[in-house]
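For reference, the structure is listed below as structure tokens.
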Number of protein chains: 2
Amino acid sequence: MSQTLQDTETASPFEPDEVEQITRAAWHYYNDGLTQNEVADMLGVSRIKVSRLLEKGRQSGLIELRINAPHAGCLTLQKQLISAFGLVDARVVPSASELPVVPRIGRAAASFLMQKLEPNDLLAIGWGETVATALRYASPTFPQNNVSLVSLTGGVSAYVSTTGLYGPQSNAHLIPTPLRVSSQELAEMLRLEPYVRYVLDMAATARMALIGVGVVSSAATLVRYGYCTSTEIELFARRGAVGDILGYFYDAQGEILDLDIHRHVVAIRVEDLRHIPNRAAAAAGLQKVDAILGLLRGRLANILITDQATAEELLRRGK
Amino acid sequence: MSQTLQDTETASPFEPDEVEQITRAAWHYYNDGLTQNEVADMLGVSRIKVSRLLEKGRQSGLIELRINAPHAGCLTLQKQLISAFGLVDARVVPSASELPVVPRIGRAAASFLMQKLEPNDLLAIGWGETVATALRYASPTFPQNNVSLVSLTGGVSAYVSTTGLYGPQSNAHLIPTPLRVSSQELAEMLRLEPYVRYVLDMAATARMALIGVGVVSSAATLVRYGYCTSTEIELFARRGAVGDILGYFYDAQGEILDLDIHRHVVAIRVEDLRHIPNRAAAAAGLQKVDAILGLLRGRLANILITDQATAEELLRRGK
DNA sequence: TCGATGCGCGTTCAAATGATCAACAGTTGA
DNA sequence: TCAACTGTTGATCATTTGAACGCGCATCGA
């Protein structure tokens with residue numbers, strides 16, 4: 001029932017001296033404005049190697065391109081979202097309908113986190129593709145600021161490299177279970193496991209959470225990864241579900257429904273989630289508008305990271 | 001006696017919608033990985049225009065390239081510096097003897113500040129080319145985090161654009177006098193001016209200061225900009241001066257000398273400077289090694305931003 | 001009104017870059 | 001021991017990029 005979420009290469013644990021090489025190459029290339037050939041001469045490697053080092057650095061998030069605009073994105077839409085839905089903050093990335101949304105929102109979420117997280121913070125993470133992508137971009141910065149991770153649900157271990165760059169200080173506390181298990185009894189037992197309880201308790205103390213938003217359709221990531229069947233989803237839809245967070249389905253007003261599946265999920269309780277002061281939801285796409293609207297109405301999240309088209313539709317369909 | 005320090009263009013005050021254009025172009029180009037041609041199509045402008053927007057964004061610091069290595073620079077040297085001189089922090093940029101040092105150290109200092117400054121912080125700044133360069137790169141990020149500036153000395157107004165991107169919240173409090181004036185009496189009077197006193201008092205409350213380090217030679221920036229004559233410098237050297245900060249000359253042990261010029265300077269008192277918990281000195285170059293050594297021995301600064309060659313020499317000449 | 005000056009813009013072209021491909025080394029498994 | 005496989009390296013070439021140049025427009029002063 002549980003599968004890996006991340007098939008593509010996860011955040012690569014570098015060789016230690018490769019990091020050094022990337023760092024120096026990046027410094028010379030970007031800050032000193034040298035050409036790749038000149039950098040190659042200084043490092044004593046071939047030009048193409050420099051090109052690859054830089055590429056690797058950018059892919060992995062080691063080299064971050066930060067846009068320091070007073071409003072990175074669409075300022076007006078951000079403000080409108082904040083006031084229309086009473087949010088704490090919002091990020092809106094410019095639209096590009098033909099480009100895949102997940103990496104775009106993931107990057108925006110990563111950039112948001114890197115801006116907002118302070119040294120020694122604890123970041124709680126949910127389940128989902130967008131969260132996974134965001135973490136891939138943001139996680140190289142965590143050891144530096146001694147940011148620790150804690151999971152809000154089971155099933156996230158698949159996309160967080162617990163080894164990787166994580167040093168002795170920074171740490172990742174993951175619930176070592178699937179997101180959903182096959183029976184209420186098993187879920188209950190797992191939730192009572194000491195380590196699982198420990199992680200769940202810790203998650204409730206985080207200052208910032210990043211969560212994904214699931215849609216109620218057979219295209220849902222939950223279905224794709226085998227945690228739900230299409231049949232179940234159809235049933236939930238008839239019961240009024242418009243979306244899910246952390247495996248909990250809610251209706252258009254953001255009220256959590258009373259469903260059997262909720263008792264099969266190994267995750268923080270929704271009441272505890274609400275105690276996390278900054279709950280950022282990262283989601284975009286017109287098919288997710290209903291889900292996002294419910295989420296915001298129910299105040300399940302108070303920060304939204306989305307794209308222009310989605311933001312406009314959210315505002316049109318209004319509160 | 002006072003001259004402008006910064007002849008080149010200062011941080012440009014953009015058109016508001018130009019910032020928007022730069023932001024979107026940067027997003028599409030760097031985050032979405034589109035080519036300049038594709039970005040041009042999306043924004044409805046010519047390709048070369050996109051190229052220029054990006055260039056402008058990078059120049060101005062609006063687009064920041066951040067290297068998220070656990071150790072951006074030379075980790076080993078940084079650690080050695082910290083332990084050898086009892087520093088709070090250090091940054092070492094890789095060496096490149098043929099490149100001009102000031103912009104390189106300036107960038108490193110800017111990057112350090114952007115990493116360390118927290119929202120609503122107050123940053124105190126000294127006088128000097130390196131400080132000016134660092135500010136040019138870092139200042140576009142200040143309005144975003146509501147970071148304010150306060151000057152530690154006179155003479156800085158030349159290189160801080162008080163208008164620029166500064167909005168209603170962020171602010172720059174600069175001492176509106178030259179660094180040094182021609183008589184003790186005048187300096188005294190200026191120091192007693194209400195606004196000057198206000199700024200000096202405020203500076204003493206800053207959590208972070210960025211200061212430059214002057215050398216004692218006829219090539220010193222102080223001489224170049226007419227605040228001192230070569231003759232004076234020679235005199236100071238005979239009295240044992242190895243460097244200066246904020247116009248105060250000190251000896252090899254970092255003890256401030258008793259010189260007439262110090263009574264002509266409009267600047268915070270050294271005792272008050274020491275109350276600022278984080279005092280970052282940005283300086284590099286072998287001709288500055290003596291000055292830096294004195295500075296560190298006297299604990300005038302407790303953070304050092306320098307380059308590899310300088311760091312190695314500092315460690316060799318040791319504490 | 002006219003000319004001068006400066007600024008923004010697009011064209012052209014050389015330089016820089018990254019994708020593709022083939023060779024190669026190291027590793028695994030039979 | 002060999003063969004297959006995987007991952008890394010360098011050569012080649014098309015694409016992408018930025019610098020140099022020249023044009024057109026607006027502003028300014030006479």
Side-chain angles (χ1 to χ4, degrees), chain A residues 4 6-65 67 96 98-100 103 107 161 163-164, chain B residues 7-65 67 96 98-100 103 107 161 163-164:
Chain A
T4 61
Q6 195 61 33
D7 299 347
T8 68
E9 90 295 355
T10 53
S12 33
F14 300 104
E15 314 298 322
D17 74 339
E18 191 171 31
V19 175
E20 178 79 23
Q21 263 196 321
I22 292 178
T23 306
R24 306 194 68 190
W27 182 275
H28 288 310
Y29 186 71
Y30 288 108
N31 288 347
D32 294 339
L34 301 181
T35 101
Q36 293 186 354
N37 257 317
E38 296 170 300
V39 177
D41 289 346
M42 304 200 70
L43 299 191
V45 298
S46 72
R47 185 192 67 81
I48 199 70
K49 173 88 182 175
V50 171
S51 182
R52 280 172 183 143
L53 285 173
L54 293 171
E55 177 63 21
K56 204 163 178 180
R58 281 176 303 225
Q59 287 306 325
S60 65
L62 235 164
I63 300 173
E64 179 202 348
L65 207 115
I67 301 173
E98 60 279 14
L99 297 171
R107 269 186 182 278
S161 88
T163 59
Chain B
D7 300 346
T8 68
E9 89 296 356
T10 53
S12 35
F14 300 104
E15 314 296 321
D17 74 337
E18 191 172 29
V19 175
E20 178 79 26
Q21 261 196 322
I22 292 178
T23 306
R24 305 192 68 188
W27 184 275
H28 288 311
Y29 185 71
Y30 288 109
N31 287 346
D32 292 340
L34 300 182
T35 120
Q36 293 186 355
N37 258 317
E38 295 171 299
V39 176
D41 290 345
M42 304 200 72
L43 299 192
V45 299
S46 71
R47 183 192 68 81
I48 198 70
K49 172 88 183 173
V50 172
S51 181
R52 282 173 182 146
L53 285 173
L54 293 171
E55 178 61 22
K56 205 165 177 178
R58 281 178 302 225
Q59 287 304 326
S60 64
L62 235 168
I63 300 173
E64 180 202 348
L65 206 117
I67 300 173
E98 60 281 11
L99 297 171
R107 272 188 180 275
S161 88
T163 59

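In this text the structure is predicted, and so the values were computed from the model without any measurement. Just so we're on the same page: letters track the sequence lines, and every chain starts at 1. The basis for the numbers below is simple: all heavy atoms, side chains too, and nothing from hydrogens, waters or symmetry mates.
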**Request:** Using a cut-off of strictly less than 4.0 Å, decide whether B/Arg58 has a side-chain nitrogen or oxygen near OP1 or OP2 of D/dG18.
**Result:** yes
**Asked** When you check the phosphate oxygens OP1 and OP2 of D/dT17, does a side-chain N or O of B/Tyr29 lie under 4.0 Å from one of them?
**Response** yes
**Prompt:** Do any side-chain nitrogens or oxygens of B/Gln36 fall under 4.0 Å of OP1 or OP2 in D/dT15?
**Reply:** no
**Message:** So, OP1 or OP2 of D/dT17: does either fall under 4.0 Å of a side-chain N or O from B/Thr35?
**Reply:** yes
**Prompt:** Could you state the CG-C1' distance from B/Asp41 to D/dT16, rounded to the nearest angstrom?
**Reply:** 14 Å
**Whole angstrom value for the distance that separates C1' of C/dT17 from CG of A/Leu34** = 15 Å
**Prompt:** Of A/Arg52 and A/Asn37, whose closest DNA chain C nucleotide lies nearer the 5' terminus?
**Reply:** A/Asn37
**Request:** For the pair A/Arg107 (side chain) and B/Asn31 (backbone), establish whether a donor and an acceptor sit closer than 3.5 Å, ignoring hydrogens and angles.
**Result:** yes
**Request:** Whole angstrom is fine here: how far is it from CD in B/Glu55 over to P in C/dG8?
**Result:** 15 Å
**Request:** Write down the distance between NZ (B/Lys56) and C1' (C/dC9), rounded to a whole number of angstrom.
**Result:** 13 Å
**Asked** Is any side-chain N or O of A/Lys49 closer than 4.0 Å to OP1 or OP2 of D/dT9?
**Response** yes
**Asked** So, for B/Ile67 and A/Ala26, which heavy atoms are closest and what is the spacing to 0.1 Å?
**Response** CD1-CB, 3.7 Å
**Asked** To the nearest angstrom, how far is A/Arg47 atom CZ from D/dG10 atom P?
**Response** 12 Å
**Request:** Report the nucleotide, chosen from D/dG18, D/dT17, C/dG10, that has the shortest atom-to-atom distance to any side-chain atom of B/Ser51.
**Result:** D/dG18
**Prompt:** Given atom CG of A/Leu54 and atom C1' of C/dA19, what is their separation to the nearest angstrom?
**Reply:** 16 Å
**Prompt:** Which distance, rounded to the nearest 0.5 Å, do you find between the CE of A/Met42 and the NE2 of A/His28?
**Reply:** 4.5 Å
**Request:** Drop me the distance from B/Arg58's CZ to B/Glu64's CD, to the nearest 0.5 angstrom.
**Result:** 14.0 Å
**Item:** Member of B/Val50, B/Leu34, B/Leu54, B/Ile63 meeting the side-chain contact (heavy atoms from CB on, under 4.5 Å) criterion with B/Tyr29
**Value:** B/Leu54
**Request:** Go through C/dA16, D/dA19, D/dA11 for me and flag the one nearest to the A/Ile48 side chain.
**Result:** D/dA11
